Amino acid sequence: MTTQLFRWNKQNLRRQLSVIRGEIAPSILLKNATYLSSARKTWRKGHVWIHGDRIVYVGEQEPKETEGTEIVDCEGKYIVPGYIEPHAHPFQLYNPHSFAEYASTRGTTTLINDNMLFFLHIEKKKALSLIEKLDELPTSMYWWARYDSQTELKEEDDIFSPSKMKDWLEHPLVLQGGELTAWPRVLTGNDTILHWMQHTKELNKPIEGHLPGASERTLTQLALLGVSADHEAMTADEVLRRLDTGMVASLRYSSIRPDLPRILDELKEAGVTDFSRMIFTTDGSMPSFYKEGIIDKMIAIAIEKGVPIIDAYEMGSYNVARYYGLDDQLGMIAPGRIAHINILEAKDNPVPERVLAKGQWVFKDGKSYYPARHFSWEEYGVRPFMIDWDLEEDDLHFSMPMGLELTNSVILKPYQIEVDVTNDILSESHNECFFVMLDRYGKWRINTVIKGFGTNIGGFASTFSNTGDIILIGTEKKDMWKAFQELKHHDGGMFLVENEELIASVPLKLYGSMSLKSMDELMEEHAKLENALKERGYPHEDPAYSLLFFSSTHLPYVRITERGIFDVFKKKVLFPAVMR
């Protein structure tokens with residue numbers, strides 16, 4: 001691997017010293033700035049010198065040598081560190097490159113990313129080369145190392161092999177283990193995952209939990225096993241429960257859990273005044289949710305809810321860097337830090353008017369200056385979703401007695417099917433649709449009925465799912481067939497058909513999970529599709545998340561996996577998948 005443990009080599013360090021000594025001019029000088037000093041927890045006035053991608057000086061002195069220096073007068077402006085998203089899922093219809101660009105132009109210049117898609121679908125050497133290539137972007141890109149697949153895979157032990165796990169966990173761009181969705185297996189005796197958790201701690205890296213609704217007893221046990229943070233608190237009491245067990249608590253504002261405003265109100269009512277062990281995350285929201293911003297939006301909400309302004313900024317920057325042991329490189333306006341800097345018009349408005357990422361202007365004068373770059377995804381094994389098979393008549397045959405009820409965006413419960421499923425069209429007088437999950441390679445299928453996804457969805461096809469398998473939903477078999485053909489023709493994505501005509505679509509050219517389009521274009525496509533599904537009876541917050549989590553066994557009560565319909569609590573297959 002080419003990535004070194006420390007960002008700057010000896011030659012870089014010597015040149016940075018030469019800037020301080022007046023022998024070399026800084027690249028950029030931010031004059032007369034009012035900057036946030038997290039070391040003093042106050043606002044200070046001074047000048048910020050930048051050389052290349054690093055802050056080299058902050059204080060009252062001006063550089064002696066300024067030939068070629070870009071001088072920016074920041075009188076009346078406020079400077080804060082670039083914001084950090086500690087829990088990004090950069091495959092939620094967008095791709096890591098497009099999301100990094102959009103995030104940085106809104107001031108979120110560091111992303112700490114889920115590695116699941118790369119880990120499961122790309123050969124190890126190429127995957128690790130890919131994350132190194134992504135780190136060449138102006139955005140700082142770090143990663144997690146997952147311990148489990150979050151579903152039921154027949155060959156999971158082979159996929160999570162010792163050599164693969166070791167190389168991911170030990171890579172310098174991987175900052176943590178997790179998120180740990182298989183914690184019930186660990187508590188009931190899975191020593192393989194526990195071994196990798198121990199190795200993570202030996203590397204002095206934290207472990208992120210995934211602990212919705214966890215009791216004090218569960219949190220305590222997992223703290224003993226090394227879990228050091230969790231993002232699943234949904235109330236202030238749950239936040240405090242995590243803090244009481246020594247964990248760092250992520251406060252969440254996402255497309256399916258927009259909990260932040262209420263949690264902050266409850267924390268205020270509880271008399272909380274110390275926010276130093278709390279951080280912000282948008283937890284991999286869908287594209288259209290990000291129109292109002294990313295971490296900048298969360299800081300704005302916190303300020304509006306009465307969180308002290310400095311605390312609000314530090315929850316989106318310094319607190320995160322300190323938790324990961326990176327506050328010597330990130331999260332502060334201080335010498336030695338990567339030059340991720342947001343320039344604000346007012347200290348109570350976290351939306352930046354200018355953004356520096358690794359010392360480059362990526363946003364100013366209302367425009368993005370993020371460098372255009374062609375990314376050769378195929379070189380790293382990220383390919384289109386190619387289908388070399390077709391639907392057969394039996395694939396749309398339904399006879400299973402048990403259906404799936406979607407009670408909110410992500411929870412599935414079993415129920416007894418009572419509607420007549422022998423016809424080609426289901427009535428629109430109820431909220432039940434045909435449901436098929438097909439292996440992406442055409443090897444198996446599962447046919448049932450889903451209640452609570454829509455009332456008059458003609459045909460809908462998607463390759464966007466946790467496992468990358470194909471989902472068909474609809475009330476008319478001819479529309480479901482047409483939606484599948486659209487999906488096949490476009491090499492993956494999400495396609496809604498009515499009366500055999502395409503109504504809305506989101507093509508996903510990369511693995512059937514990620515779009516090649518910009519975030520702005522993708523937001524429009526996603527919003528159009530989501531609105532069309534809601535007009536046709538989808539009753540919950542986020543249909544894309546429903547698709548994503550149909551196979552995810554970290555959620556109750558039943559899931560659809562390659563083994564069949566799976567009872568999460570009893571850990572057994574209720575109805576096996578049918579081989580095609």
Side-chain angles (χ1 to χ4, degrees), residues 89 91-92 114-117 119-121 144-160 165 177-194 196-197 207-214 218 222 227 230-232 256-257 283-284 400 402-415 435-440 444-446 448 450 452-453 462-471 513 542 544-577:
H89 296 270
F91 319 115
Q92 310 293 56
D114 184 2
N115 76 326
M116 176 76 90
L117 188 142
F119 185 92
L120 291 180
H121 298 295
W144 330 333
R146 289 272 196 165
Y147 300 122
D148 64 277
S149 66
Q150 205 168 281
T151 188
E152 287 294 309
L153 298 179
K154 294 177 181 177
E155 299 176 354
E156 181 157 327
D157 290 344
D158 293 334
I159 294 169
F160 287 80
M165 288 297 300
E179 56 182 305
L180 178 62
T181 56
W183 56 268
R185 286 160 54 189
V186 180
L187 291 183
T188 54
N190 186 306
D191 278 344
T192 300
I193 295 177
L194 183 57
W196 294 118
M197 292 172 67
I207 296 173
E208 172 77 10
H210 179 99
L211 311 169
T218 296
L222 288 163
V227 173
D230 183 68
H231 60 283
E232 289 289 337
I256 56 170
R257 296 296 327 179
D283 195 11
M400 187 180 294
M402 191 192 84
L404 308 167
E405 182 177 4
L406 188 67
T407 60
N408 64 25
S409 291
V410 299
I411 301 300
L412 282 175
K413 291 183 177 180
Y415 83 102
F435 179 99
V436 186
M437 180 173 281
L438 291 151
D439 172 48
R440 63 187 299 152
W444 53 262
R445 61 177 168 81
I446 299 166
T448 184
I450 188 165
F453 191 88
S462 174
T463 54
F464 183 69
S465 63
N466 184 44
T467 54
D469 296 312
I470 298 166
I471 296 166
S513 299
D542 196 324
Y545 254 108
S546 298
L547 299 168
L548 182 67
F549 283 151
F550 279 144
S551 298
S552 298
T553 52
H554 67 292
L555 292 165
Y557 293 83
V558 290
R559 298 287 130 180
I560 311 100
T561 75
E562 68 174 54
R563 294 176 59 194
I565 296 180
F566 186 78
D567 186 314
V568 174
F569 293 136
K570 294 180 180 177
K571 301 194 183 326
K572 70 175 185 178
V573 175
L574 302 177
F575 294 92

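Keep in mind it's a predicted model, so treat the numbers as computed, not measured.
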Could you pull out all donor-acceptor pairs under 3.5 Å where a side-chain atom in residues 563-574 meets a protein atom, sequence neighbours excluded?
| from | atom 1 | to | atom 2 | distance (Å) |
| --- | --- | --- | --- | --- |
| Arg563 | NH1 | Glu152 | OE1 | 2.7 |
| Asp567 | OD1 | Phe569 | N | 3.1 |
| Asp567 | OD1 | Lys570 | N | 2.9 |

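Summarising the geometry of Ile470 relative to Asp439, their closest heavy-atom pair is CD1-O, 4.5 Å, with the distance given to 0.1 Å. Closest approach of Ala577 to Trp444, counting heavy atoms only: CB-CE3, 4.1 Å. Among all heavy-atom pairs drawn from Ala182 and Ile193, the shortest one is CB-CD1, 3.8 Å.
A donor-acceptor distance shorter than 3.5 angstrom exists from the side chain of Ser409 to the backbone of Asp542, with no hydrogens or angles considered. Looking at Thr448, its side chain does come within 3.5 Å of a backbone N or O of Met402 through a donor-acceptor pair.
Residue Ile446 holds its CD1 atom at 6.0 Å from OG1 of Thr561, rounded to the nearest 0.5 Å. Rounded to the nearest 0.5 Å, atoms CD1 (Ile471) and OG (Ser551) are 6.5 Å apart. Phe91 CZ to His121 NE2: the interatomic distance, rounded to the nearest 0.5 Å, is 9.5 Å. Distance check: Asn408 CG to Ile256 CD1 gives 8.0 Å after rounding to the nearest 0.5 Å. Interatomic distance, CG of Leu547 versus CG of Asp469, reported as 12.5 Å (0.5 Å rounding). To the nearest 0.5 Å, the span separating CG on Leu412 from OH on Tyr557 amounts to 11.5 Å.
Every residue meeting the ring pair (Phe, Tyr, Trp, His ring centres under 6.0 Å) condition with Phe549, not counting sequence neighbours, appears here in chain and number order: Tyr545, His554. Considering only residues two or more places apart in sequence or on other chains, Phe464 meets the ring pair (Phe, Tyr, Trp, His ring centres under 6.0 Å) condition with none of them. In terms of the side-chain hydrogen bond (donor to acceptor under 3.5 Å, both in side chains) criterion, residue partners of Arg257 (sequence neighbours excluded) are, by chain and number, Asp259. Residues meeting the side-chain hydrogen bond (donor to acceptor under 3.5 Å, both in side chains) test with Ser546, sequence neighbours left out: Tyr538. For Thr181, the side-chain hydrogen bond (donor to acceptor under 3.5 Å, both in side chains) test picks out Asp148, with sequence neighbours left out. Listed by chain and number, the residues in a salt bridge (charged side-chain N to carboxylate O under 4.0 Å, His left out) with Asp230 are Arg242 (sequence neighbours excluded). Among residues two or more places apart in sequence or in another chain, the side-chain hydrogen bond (donor to acceptor under 3.5 Å, both in side chains) test is passed with Asp114 by His89, Arg146. Applying the salt bridge (charged side-chain N to carboxylate O under 4.0 Å, His left out) criterion to Glu208, with sequence neighbours excluded, gives no partner residue. By the salt bridge (charged side-chain N to carboxylate O under 4.0 Å, His left out) test, Asp283 pairs with Arg252, sequence neighbours left out. By the side chain to side chain contact (heavy atoms under 4.5 Å, CB included) test, Pro212 is found to be paired with His210, Glu232, Met234, residues two or more places apart in sequence or in another chain being considered.
Contacts classified as salt bridge (charged side-chain N to carboxylate O under 4.0 Å, His left out) and involving residues 548-559 (residues at least two apart or in different chains) are not found.
Contact annotation: the side chain of Tyr415 never approaches that of Ile450 to less than 4.5 Å [non-hydrogen atoms, C-beta and beyond]. The side-chain heavy atoms of Ile411 and Pro556, taken from C-beta on, include a pair separated by under 4.5 Å. Under the 4.5 Å side-chain criterion, counting only non-hydrogen atoms from C-beta, Trp183 is not in contact with Val227. By the 4.5 Å heavy-atom criterion applied to side chains, Thr192 and Phe160 are not counted as neighbours. Inter-residue side-chain proximity for Gln92 and Leu548 is flagged as met; some heavy-atom pair is nearer than 4.5 Å. Proximity of Met116 to Trp144: side-chain heavy atoms (C-beta onward) are nowhere separated by under 4.5 Å. With contacts defined as side-chain heavy-atom distances shorter than 4.5 Å, the pair Glu156/Thr151 does not qualify.
Ring pair Phe550/Phe453 is tilted by interplanar angle, where 30° to 60° counts as tilted.
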### Task
Starting from the C-alpha separation in whole Å, work towards a yes-or-no answer on side chain to side chain contact (heavy atoms under 4.5 Å, CB included) for Met197 and Val186.
CA-CA 10 Å; Met197 292 172 67; Val186 180; 4.1 Å; yes
